[in-house]
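Below: the structure, in structure tokens.
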Amino acid sequence: MSRMLPLAVLLLALAAPTVAAQSPQPLPRPADLGGERPAILEAFRLAEGGQLSLTDLARVKDHPLLPWVEVVQLRRQMASVPAGDIRAALRRYEGEPAGEWLRSAWLQHLATHQRWPDLLADWRPADSLELRCAHLAARLATGATDPQWIADGKALWLRGESLPASCDTPFASLQALGQIDASMRWQRIELTLLGGQTGLARFLARDLPGAEAKLANDYADFIDSPHARAAGWPKDARSRAVVAEGLARLARRSPDAAEAQLATLDAALDLGETARGKVLYEVALWTVASYLPGARERLAKVPRAAYDERLYEWRVREAMARGDDAGALAAIEFMPAPQRDDPRWQYFEARLRERLGQSEAARGLYGRAAGTATFHGFMAADRLGSPYTLCPIEPSTDPVLRARVATHPGVVRALELFTIGRSTLATREWSALLRVLTPDERKVAIEFARDAHWYDRAVFTIGDSPEDLRHYSLRFPLHHEAVLRREARLRDLDPAWVAAQTRAESAFMPLARSHANARGLMQLLPSTAERTARKIRVPWTGADSLYRPELNLQLGIAHLRHELDQHGGIAYQAIAAYNAGPAPVMRWNRDRPGFDPDFWIETATYKETREYVARVLAFSVIYDWRLEGSAVPVSQRLLGRTVPASARRPFTCPTPSGPGTPP
């Protein structure tokens with residue numbers, strides 16, 4: 001492609017003698033396709049309407065997005081295009097995301113019209129259950145009922161979920177061949193019951209003998225609403241599994257009812273430690289997660305083998321909520337070593353030991369936690385009066401590597417698709433890149449994506465190793481900075497906090513939209529935005545206006561100011577209210593009055609809110625690093641306080657141990 005920098009040219013340039021006075025050469029970056037954008041946008045418009053002609057196609061024949069334009073047209077006209085044209089495109093784009101997208105649609109088209117020989121001819125392995133069932137049906141229709149077909153059919157059968165109608169005929173054939181007997185049917189029924197698919201379990205039970213069908217339906221009734229009839233069930237593993245599942249589900253609605261039924265049914269069916277532990281776990285979890293009476297006693301009844309990370313944490317929170325420092329410390333000591341060594345629990349162990357007068361042990365734990373760039377690491381550093389640990393790294397500046405990424409066809413296509421607003425197709429290209437790029441190449445590709453304002457690639461695809469997470473300039477974008485600073489100054493808010501809130505809400509993606517219909521950079525609900533617009537006397541032109549970055553920041557920052565004022569200037573409670581709403585914050589203040597901020601955050605009922613508040617406060621430190629080079633201490637920021645320059649935290653990068661695990 002003429003627009004891409006040839007690697008040979010680059011290598012020749014690298015081999016040339018260095019001239020001392022020569023200015024540094026700019027690092028390779030993807031070519032700018034802006035001049036060709038009107039033509040490719042028009043081609044997409046025509047293709048999406050099924051109106052692209054050969055003449056139109058010729059105008060973009062050298063464009064990197066030609067495969068997508070052609071495939072969009074073929075998918076649009078699949079019912080009328082000759083199969084030969086489809087197959088020619090599949091051959092041209094074999095192994096490319098555009099080709100995979102076309103093949104998926106083509107196979108679905110062939111299955112819908114039961115063109116079984118064509119489907120077999122063009123088949124490639126697929127994850128789609130619909131296509132896998134269709135492939136099974138195609139093999140059956142062409143006479144294949146060999147051992148491999150039977151094995152593949154059984155593998156599809158043994159799933160605890162509803163399957164597409166295209167599986168009905170193969171399953172009927174398997175049953176006619178004696179391959180789906182009562183035992184196989186029971187296996188699937190049990191899978192559906194344990195998955196809560198009781199309607200499907202009842203449907204499958206229709207082909208069982210009368211007494212067995214009655215038992216299967218009784219099992220399904222129990223999963224929906226546990227009943228006393230279970231005491232008369234067979235004393236076997238299946239009955240015990242169903243009882244454990246049904247009571248575990250009941251515990252989420254009523255821990256008391258589940259605990260009462262457990263005593264009766266355990267005696268009748270001899271549930272065993274595993275099944276009993278499953279129920280006791282849910283009884284304890286749903287008691288403690290709502291801070292109901294009896295939580296401590298129920299936690300103590302759960303067998304150690306049934307504990308997981310979540311229950312270990314709740315054991316600590318339950319003691320914290322009661323103000324039992326010794327009990328909370330004992331609960332941390334009860335944790336497995338890897339969990340106890342997490343910076344969060346190092347910090348809280350230190351806090352508890354400090355409150356219990358064990359200052360020296362506390363300092364050592366604070367020191368370990370403070371070596372990590374996390375919320376609790378920053379809080380630990382505040383307790384010690386130490387600099388914040390931050391060891392940033394940047395993507396490679398190796399010109400050869402960067403040129404390789406810049407000219408990679410998948411990178412070029414992904415970035416251009418995103419730029420022209422075809423985000424779904426861009427994401428397909430990006431997902432394919434993740435399978436082929438090296439870690440270093442991926443970081444450079446993410447840098448290119450950031451420069452194209454595709455900020456969430458660093459959030460979702462950078463990786464999760466400690467080294468990956470040290471790419472702070474990639475993971476913490478800063479766009480619309482002038483507007484952000486202006487509106488933050490107008491509302492007397494900390495710009496680093498506002499940037500952190502925006503990063504936590506949308507990763508600075510202006511078109512972000514949540515399942516709850518929150519929109520834009522600061523993820524505002526239209527109702528909240530409209531109310532805020534009226535309050536600050538800004539024209540309101542409808543929900544879609546929230547995708548305009550400047551307006552979204554203007555309204556979002558004003559709303560954040562409102563939350564701060566509603567919560568007495570206490571920032572951590574304003575952050576919690578921004579996430580969970582004001583009612584839960586009022587309840588937590590009522591139930592745990594006078595709690596220190598760190599203990600208040602940790603004992604908040606909602607996991608999402610606990611993590612959100614900690615995340616925003618940690619992110620604010622990173623944005624302080626980006627904006628100012630030093631940070632407001634987190635222990636002051638969470639109270640909504642500002643500090644003089646002399647009290648700001650500097651940053652340090654200890655050697656040789658490194659920074660630990662960043663946020």
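A salt bridge is defined here as a Lys NZ or Arg NE, NH1 or NH2 lying under 4.0 Å from an Asp or Glu carboxylate O, and K301 with E273 fails to meet this definition. With salt bridges taken as basic N to acidic carboxylate O contacts below 4.0 Å, one links D221 and R202. Using a 4.0 Å cut-off between a side-chain N of Lys or Arg and a carboxylate O of Asp or Glu, D256 and R298 qualify as a salt bridge. Under the 4.0 Å criterion applied to side-chain N and carboxylate O atoms, D596 and R355 are assigned as salt-bridge partners. A salt bridge between R363 and E354 is absent, with no side-chain N of the basic residue lying under 4.0 Å from a carboxylate O of the acidic one. Salt-bridge annotation for D152 and R139: present, with a side-chain N of the basic residue lying under 4.0 Å from a carboxylate O of the acidic one. A salt bridge links E245 and K278; the closest N-O separation between the charged side-chain nitrogens and carboxylate oxygens is under 4.0 Å.
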Practice item. Step by step, work out the ring-ring contact (aromatic ring centres under 6.0 Å, His included) result for F375 and F619. Key: CA-CA 8 Å; F375 168 65; F619 288 179; over 10 Å; no

Exercise for review: Dump the intermediate steps for ring-ring contact (aromatic ring centres under 6.0 Å, His included) on F595 and W588, then the final yes or no.
Suggested key: CA-CA 10 Å; F595 266 45; W588 300 332; over 10 Å; no

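In this structure, H376 and Y347 have tilted ring planes: the angle between them lies in the 30° to 60° band. Classification of the Y312-Y307 ring pair by plane angle, with boundaries at 30° and 60°, yields tilted.
Within the structure, the salt bridge (Lys or Arg N to Asp or Glu O under 4.0 Å) test picks out no pair touching residues 283-295 (sequence neighbours left out).
Y606 and N579 form no side-chain donor-acceptor contact under 3.5 Å, judged by distance and modelled atom types alone.
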